[in-house]
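The structure under discussion appears below in the form of structure tokens.
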Amino acid sequence: MKRPLCLIAGGFVLGETVVLLSLTSGLLIPALLAAGTGAVCLKRRSKGAVWLPVFLLFVLLGMGRAGVTKLKWEARERACMEMAGVYSELHGRVSAVEESEGKVQITIEENVVRPLVGGGEGRSFSMSWQIPCVLVSWKTDGAEDMPDARDFKIGIDVTVRGKLELFARARNPGEFDSRNYYRGQGVDCRMYGEEVEISGGDVSPLPELLRQIREKAKHNIMRSAAVEDAGIFSAAVLGDKKALNSEIKDLYQKNGIAHLLAISGLHLSIIGMGGYKLLRKAGLGYKGAGLAGAAFIFCYGAMTGASPSVVRAVVMMSTGFLASYLGRTYDLLSALSLALLMLVWETPELLTQGGVQLSFGAVFAVGGVLPVIQDYLGKERKILGALAVSAAIQLVTLPVILWDFFQFPVYGIFLNLLVIPLMGGVICSGIGTALLGGISCKAGALAAGTGHYILRFYEWLCHGTERLPYHTLVMGRPAAAAVILYYMVLLVVLIGMKRVIGKRDEAEKEREKRYQREKR
């Protein structure tokens with residue numbers, strides 16, 4: 001078995017999906033991918049019978065883990081429902097702080113919530129509830145008695161009074177499901193703070209330092225770059241999408257290039273591998289450069305918010321550094337499986353999110369489907385080989401895109417061929433703006449110049465593509481049977497291509513042997 005981690009991750013995800021299917025039918029896609037991964041791994045060698053019990057064991061482990069997590073979330077949800085709409089006092093520890101357009105938003109963990117009875121000095125408390133994570137927000141515009149974001153640091157204790165609210169569920173197909181999204185982030189409910197007090201506690205040094213660096217970098221970008229560019233730089237470099245123009249976001253999404261606005265493996269490879277190569281050239285060995293590179297991307301991932309796509313990229317790149325240090329071959333699918341195991345062990349609900357499915361599906365396409373297509377086409381067909389990258393990703397992620405967005409950008413394959421190679425210039429320009437903007441606005445604006453023209457080129461491409469016929473196919477959400485049939489057909493086609501490749505390789509070996517015999 002060449003890739004046992006793929007088999008283990010496939011079984012574990014399949015087990016979790018079986019239990020979580022009661023939450024949402026959107027789990028059909030990860031279930032099929034997990035089952036397909038396990039089936040392919042078992043079929044690769046005649047030793048598949050040996051690995052079958054391992055696969056089934058991790059299916060059971062996945063089911064058990066998802067079942068335990070589901071019970072915990074049901075208990076947490078009951079506590080939130082009991083307290084929803086009741087004026088209460090919340091006491092907990094700050095784990096994140098954000099401020100945008102006169103609104104402060106803090107995430108509070110390890111909360112004790114007590115409903116308040118009476119008012120003024122006569123306030124008293126009834127029984128308390130444990131609610132692990134609450135999102136608290138309030139407006140500072142025109143409210144002199146409310147603190148702003150500068151008063152808060154990660155790790156300190158706060159006391160907030162207000163009413164808890166449940167996150168809204170999606171009522172219509174395609175509507176954003178706040179409850180599902182925030183559950184994937186580990187957040188139980190929200191509260192609009194009417195009274196906020198800082199009540200002590202110790203600051204967490206590293207998280208607070210990373211937050212301050214992020215806020216400073218964002219400030220430098222906002223004051224140095226053009227308004228239409230600053231939001232994209234902040235999203236692509238810092239993972240902060242609050243300043244992103246909604247029209248630009250919709251434009252990118254309609255044309256199939258919205259992934260450029262999220263911190264992912266592309267961004268981390270440019271930043272992390274760039275730093276790693278510089279350290280190697282500076283004279284550090286594989287061990288020193290690898291450890292320093294892993295520490296840097298870990299801190300960078302934490303600074304940008306540690307979204308699932310960021311965690312995936314950090315784990316995979318750290319695995320690559322470790323492989324380089326040990327002198328071992330880096331296997332993309334095994335690293336992907338390790339990242340998936342780590343994420344879904346902590347939060348199985350992430351499997352229900354389309355963004356996570358797209359992130360892992362795209363990398364699976366590059367590591368699993370793309371090599372088959374490229375081998376089938378042959379190395380001499382370089383142009384087709386370049387198209388195969390986008391084609392492989394589109395083939396694997398098409399059902400996910402239709403399931404979540406109901407439409408498909410026809411020319412997205414060709415657009416990605418043009419925009420992805422230039423994204424390095426946007427990221428480097430954004431980093432330069434964040435760094436040089438602290439020296440002067442002119443220096444920051446100069447650094448933003450390259451990215452500015454690349455982003456204008458992106459917009460020109462997107463608007464031009466929208467004028468083409470059949471730019472977007474609105475197909476609606478496919479039926480579950482159609483998704484199953486699609487992946488079955490794709491699997492059969494890939495198996496057929498592998499057989500053609502095998503026969504072609506055998507014929508090539510026979511010709512080589514015949515040539516050697518004739519030569520002798």
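A side-chain donor-acceptor contact under 3.5 Å links S440 to the backbone of A443. Judged by distance alone, with hydrogens and angles left aside, the side-chain atoms of W138 form a donor-acceptor pair with the main-chain N or O of P147 at under 3.5 Å. Between the side chain of S359 and the main chain of G355, no donor-acceptor pair closer than 3.5 Å is present. Distance alone, capped at 3.5 Å, places no donor-acceptor pair between the D229 side chain and the G451 backbone. Looking at Q105, its side chain never comes within 3.5 Å of a backbone N or O of E98 through a donor-acceptor pair. Looking at N245, its side chain does come within 3.5 Å of a backbone N or O of E247 through a donor-acceptor pair. Side chain of R190 to main chain of S137: no donor-acceptor pair is present (N/O by atom type, distance under 3.5 Å, no hydrogens or angles). In terms of modelled atom types and a separation under 3.5 Å, the side chain of N220 and the main chain of L435 share no donor-acceptor contact. Between the side chain of S88 and the backbone N or O of V86, at least one donor-acceptor pair lies under 3.5 Å. Without hydrogens or angle criteria, Q353 side chain to Y181 main chain gives a donor-acceptor distance under 3.5 Å.
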(request) Could you please spell out the steps behind the side chain to side chain contact (heavy atoms under 4.5 Å, CB included) verdict for L343 and T347? (result) CA-CA 6 Å; L343 278 170; T347 313; over 6 Å; no
(message) I'd like to know whether Q212 forms a side chain to side chain contact (heavy atoms under 4.5 Å, CB included) with E208, so could you lay out the CA-CA distance, the side-chain angles of the two residues, the decisive distance to 0.1 Å, and finally the verdict.
(response) CA-CA 6 Å; Q212 290 181 4; E208 177 59 24; 2.9 Å; yes
(message) Please determine whether side chain to side chain contact (heavy atoms under 4.5 Å, CB included) holds for the pair I257 and C462, giving the CA-CA distance in whole Å, both sets of side-chain angles, and the decisive distance to 0.1 Å.
(response) CA-CA 9 Å; I257 62 171; C462 290; 3.6 Å; yes
(message) salt bridge (charged side-chain N to carboxylate O under 4.0 Å, His left out), that's the test. Do E197 and R161 meet it? Break it down for me.
(response) CA-CA 9 Å; E197 299 174 2; R161 298 180 184 90; 3.2 Å; yes
(message) Let's go through H91 and D157 carefully: what are the C-alpha distance in whole Å and the side-chain angles of both, what is the deciding distance for side chain to side chain contact (heavy atoms under 4.5 Å, CB included) to 0.1 Å, and is it a yes or a no?
(response) CA-CA 7 Å; H91 181 78; D157 296 331; 4.0 Å; yes
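With contacts defined as side-chain heavy-atom distances shorter than 4.5 Å, the pair L422/Y458 qualifies. Residues E459 and I248 form a side-chain contact, since some pair of their non-hydrogen atoms from C-beta on lies under 4.5 Å apart. Between L164 and I131 there is a side-chain heavy-atom pair separated by less than 4.5 Å. With a 4.5 Å cut-off on side-chain heavy atoms, L436 and L446 do not count as touching. Looking at K216 and I213, their side chains never come closer than 4.5 Å, going by heavy atoms from C-beta outward. F360 places none of its side-chain heavy atoms less than 4.5 Å from the side chain of T397. Taking 4.5 Å as the limit, some side-chain heavy atom of I221 sits within range of a side-chain heavy atom of L238. Using a 4.5 Å cut-off on side-chain heavy atoms (C-beta onward), L244 and S234 make no contact.
Rounding to the nearest 0.5 Å places CE of M191 at 10.5 Å from CD1 of I106. One distance of note links CH2 of W345 with CG of L61; it measures 7.0 Å at 0.5 Å rounding. We find the CD-CD1 distance between Q407 and I401 to be 10.0 Å, quoted to the nearest 0.5 Å. Atoms CG and CZ, from N180 and R169 in turn, are 10.0 Å apart once rounded to the nearest 0.5 Å. Within the model, atoms CG of L336 and CZ of F364 stand 8.5 Å from one another, a figure rounded to the nearest 0.5 Å. Atom CE in M317 sits 14.0 Å away from atom CG in L322 (nearest 0.5 Å).
Contact detail for Y330 and G320: the closest heavy-atom pair is CD1-CA, 3.5 Å. Of all heavy-atom pairs spanning G92 and N111, the tightest one is CA-OD1, 3.6 Å. Nearest heavy-atom pair, V237 versus T304, reported as atom, atom and distance to 0.1 Å: O-CG2, 3.7 Å. Contact record, G186 with C133: O-CB, 3.2 Å, taken as the closest heavy-atom pair. Counting all heavy atoms, side chain and backbone alike, A168 lies closest to D177 at O-OD1, 3.8 Å. Between A66 and P348, the shortest heavy-atom distance links the atoms CA-CG, 4.4 Å.
Ring-plane geometry between F167 and Y182 is classed as parallel, the angle between the planes falling under 30 degrees on a 0 to 90 degree scale with a further cut at 60.
E99 has no carboxylate O lying under 4.0 Å from a charged side-chain N of R150, or vice versa, which leaves the two without a salt bridge.
Judged as a salt bridge (Lys or Arg N to Asp or Glu O under 4.0 Å), and not counting sequence neighbours, the contacts of R93 are E109, E110. The salt bridge (Lys or Arg N to Asp or Glu O under 4.0 Å) check on K218 picks up D240, with sequence neighbours excluded. R76 meets the salt bridge (Lys or Arg N to Asp or Glu O under 4.0 Å) test with D188; sequence neighbours excluded.
Within a 6.0 Å sphere centred on CD of E228, heavy atoms belonging to other residues, nucleotides or ligands number more than 12.
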